[in-house]
Amino acid sequence: MGKSATTSDVHALFHSLRSAYAATANHLKIIDLYIVFAIVTAVIQVAYMAIVGSFPFNSFLSGVLSCVGTAVLAVSLRIQVNKDNKEFKDLPPERAFADFVLCNLVLHLVIMNFLG
Amino acid sequence: MARDLGILVIVVLVLAATCQSAVVSPVSESHRSAALELFSPAHGSYGSLEETYEALKTFKVLGIEKKHAIRTSSCASVADTLKSTSSALKDFFDALRVNSILKCELNSEAVRGTQSRLKDSLNGASSLIDFYYSIGGLVLLKEQMSEVDVNLGDADRIFRSIKALGQSDGRWRLSSNNPESSNNAAGIALEALAGVISLATPQIDNSWITTLKNDILKLFDGIERYDDGTYYFDEKHVGARGHQSPLSSSASVVRGIAAVAAATSETLNLPGEKIMGLAKFFLGVGVPGSAQDLYHQIDALSYLENIRESTPLILSLPATVISVTKKDQLKVRVSTLLGSPAPTLSVRLMQIFVSGSKDASVIDQELKFDAVSGMHVLETLPKNIDVGSYIFSFEVIFHNPEHKKTYVSGGRTRVLVHITGVIKIDNAEIVILDGDRGSVENQKKLKLPGDNAVALSANHLQKLRLSFDMSTPFGNAFKPHQAFLKLRHESGVDHIFLVGNSGKKFEIILDFLGLVEKFFYLPGRYNIQLTVGDADMENSFLQPLGFVELDLPDAPEKATRPPPQAVDPYSRYGPKAEITHIFRAPEKRPAKELSLTFLGLVLVPFFGFLAGLVQLGANLKNFPKSTVPSTFAILFHLGIAAVLALYTLFWLKLDLFTTLKALGFLGMFLMFVGHKTLSHLASTSSKLKSV
């Protein structure tokens, strides 16, 4: 009885999360997708390193950190662009996007240097 | 008092015996070959006329016929010099000197021109060198061209002018401005004055000759002397003509004296001992190394040889090492300076001194003259002469008493002679004696000199005795300079002992009890080596005799350590062993297929992202439509693509600095374009909002 209640609670939780998520704006969903893409790429790189060993460690770090870094920047973009966020009410989203692009370019320069 | 005087006399005799033993030899083939080598003409001529003259004079004195090779070029040079109006006084002088040997055909007009130039120079001369060249030139002209009239009108004035430059000590100054006087200048002045006398005949004043004789004697007062009886002239100051060596100064003086002797028929009363000393000085130089020194030496010797009243004779020994074993005979040669035979005389061996000691014996034995070889031979050595070093004192006795006045033999000539011989060594044996009792434990006979390999063993209570007899070929006792016994441990530590003697018997006893500490308590094998040697011993030897195994007690704590042995330089400083480098094994790289698989896997999320975008319904509806903003938008995207392409290039081959430079330009472009695009977008969205 409890088990089925728990599972049904979990189902209900998922359902409500999904419906709530569907209500988010489209551009936010795009950013979320980008974040997921970056993290999955990082995970694949870590799995590869687990298999073959970390010999060019700098390359591994650079690869993983580029994914993580771009994900972080995308998170901050999402925060700034979200209309429901009272803190960044006066910040135009284009400005946030310009920051995102600039920071990504700097991140990737450093990553390319460290890649070796 | 008498005893002191006696000791003084002995000391003087010892000093007299120890010095004066230099032997000089007359001019020989080595001088001739040196002359040919030093005076070799470059491209058929000798350079200046002065050098040509030096070469020709040297060849003439030594009897070398070589003139023909350079005759044409030298004669041409002489003719040119005499004809030319721009020749200096020295050039005339040198040209006439060369001509006196070569006897070229000269143009009579040139000769007359030369004569007038020389006479003019003589009249205007003020320095010694000018006088010398002009007078010398005129004398040479007179010798070569008898039809030329060169008699001097005012010889008296010229004589006095030259004399005015002379000093009271016999030397001369080069000019009245120059306060320094030299022997070299004195020689030049004497030649010039002799030239005046020969040119001015028959008007000469006898007082001139006397003055010249006095000047020469004063000059000889300033002569310098070595202990072995050699005399020479040296300069105290560096003169105007540069530093003159004793060789050139002495040669200059000899030339001057010879010129004076040739100009007058009177005897000059030259001190025979000093003439002999000068001759010994020139011969003592040996064979000089430079052409000019050889010229000075040979020129001076030729003049000394021809001096009328005191011709030096040289007593020389071709060999000063006489072997008794080979039955060599002592040979003595008496000749003139240039090697010509001497008049009939006999050589007597007067005394023999033992080198390094006070013993002297009076011999007075005449040497037999061998006409075939021209040598005086000592047929048998005196009875008490054995192997060793001696100083033989010879004296020359002339057969004709007249010769005593014209020749100088230098009195007693002392020569260091080594009498060598094979020394006989017999009764050699090496014995191990047992302790206090002295009984013989082990006895081995040795053959010296010869191969020996004895093997002995001893402990510290025993003694080792080595003994042998040494005697000369005549049977007398002989004490060599060196008689050493060396014991060398296997670790390299050496111990050297002197072998003492009493008469003929040489013996050394090594008492190991007393030597234990000296040997640093090192037991083991000691190699034995015997060295016996002397300068006069023909069979000196240094030989290993074998070894002795020594058993020594253990070292106490305070004993001295043996000295560290020298490290073999080749082992310390030589090449070391080759180093084989061990490199870190390269990291294991994964298989290629695995890497490619994962490359594919990494790209999968990207496609997933694109698929998700499509699913979400991402579109480009907000892309600006009108021309200008759309251009900016396109440029914005292109700019980002360009930056990413730059990064790829950076990873592939660029370096950071180039990348940063390019990035700077691209970044500025991108900023500008991006600003334009985003501001356009912002204004559009704000318009939408307001609406």
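Everything numeric here is computed off the predicted structure, so don't read it as measured data. Below, read A as the first sequence line, B as the second, and so on, with proteins coming before strands; counting in each chain starts at 1.
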Heavy-atom closest pair, residues [X] and [Y]:
| X | Y | result |
| --- | --- | --- |
| S683(B) | H680(B) | OG-O, 2.7 Å |
| L485(B) | L510(B) | CD2-CD1, 4.0 Å |
| F512(B) | A458(B) | CE1-CB, 4.0 Å |

| message | Just verifying a value: how many Å separate L550(B) CG and L522(B) CG, rounded to the nearest 0.5 Å? | response |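 Going from the CG atom of L550(B) to the CG atom of L522(B) covers 10.5 Å.
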
| Distance from Y526(B) atom OH to F519(B) atom CZ, nearest 0.5 Å? |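 Separation between the atoms: 5.5 Å.
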
[X] portion near chain A, given a 4.5 angstrom heavy-atom threshold:
| X | result |
| --- | --- |
| F636(B) | side chain |
| T597(B) | neither |
| L656(B) | side chain |

| query | Between G674(B), A682(B), G612(B), which has the largest tally of heavy atom pairs under 4.5 Å with chain A? | reply |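 If we count pairs closer than 4.5 Å to chain A, A682(B) comes out on top.
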
| Between F606(B), Y647(B), W651(B), which residue shows the highest count of heavy-atom pairs closer than 4.5 Å to chain A? |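 Counting heavy-atom pairs under 4.5 Å, the top option is Y647(B).
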
| field | Residues of residues 89-113 of chain A with any heavy atom under 4.5 Å of a heavy atom in chain B | value |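 The list, in residue order, reads E94(A), F97(A), A98(A), V101(A), L102(A), L105(A), V106(A), H108(A), L109(A), M112(A), N113(A).
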
| message | Regarding R525(B) and E549(B), does a basic nitrogen lie under 4.0 Å from an acidic carboxylate oxygen? | response |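 Result for this pair is yes, salt bridge flagged.
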
| Would you say the side chains of T658(B) and D655(B) form a donor-acceptor pair under 3.5 Å? |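 Distance-only check passes for T658(B) and D655(B).
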
| request: Quick one: sort the F520(B) and H495(B) rings into parallel, tilted or perpendicular, breaks at 30° and 60°. | output: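 Rings of F520(B) and H495(B): tilted, 30 to 60°.
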
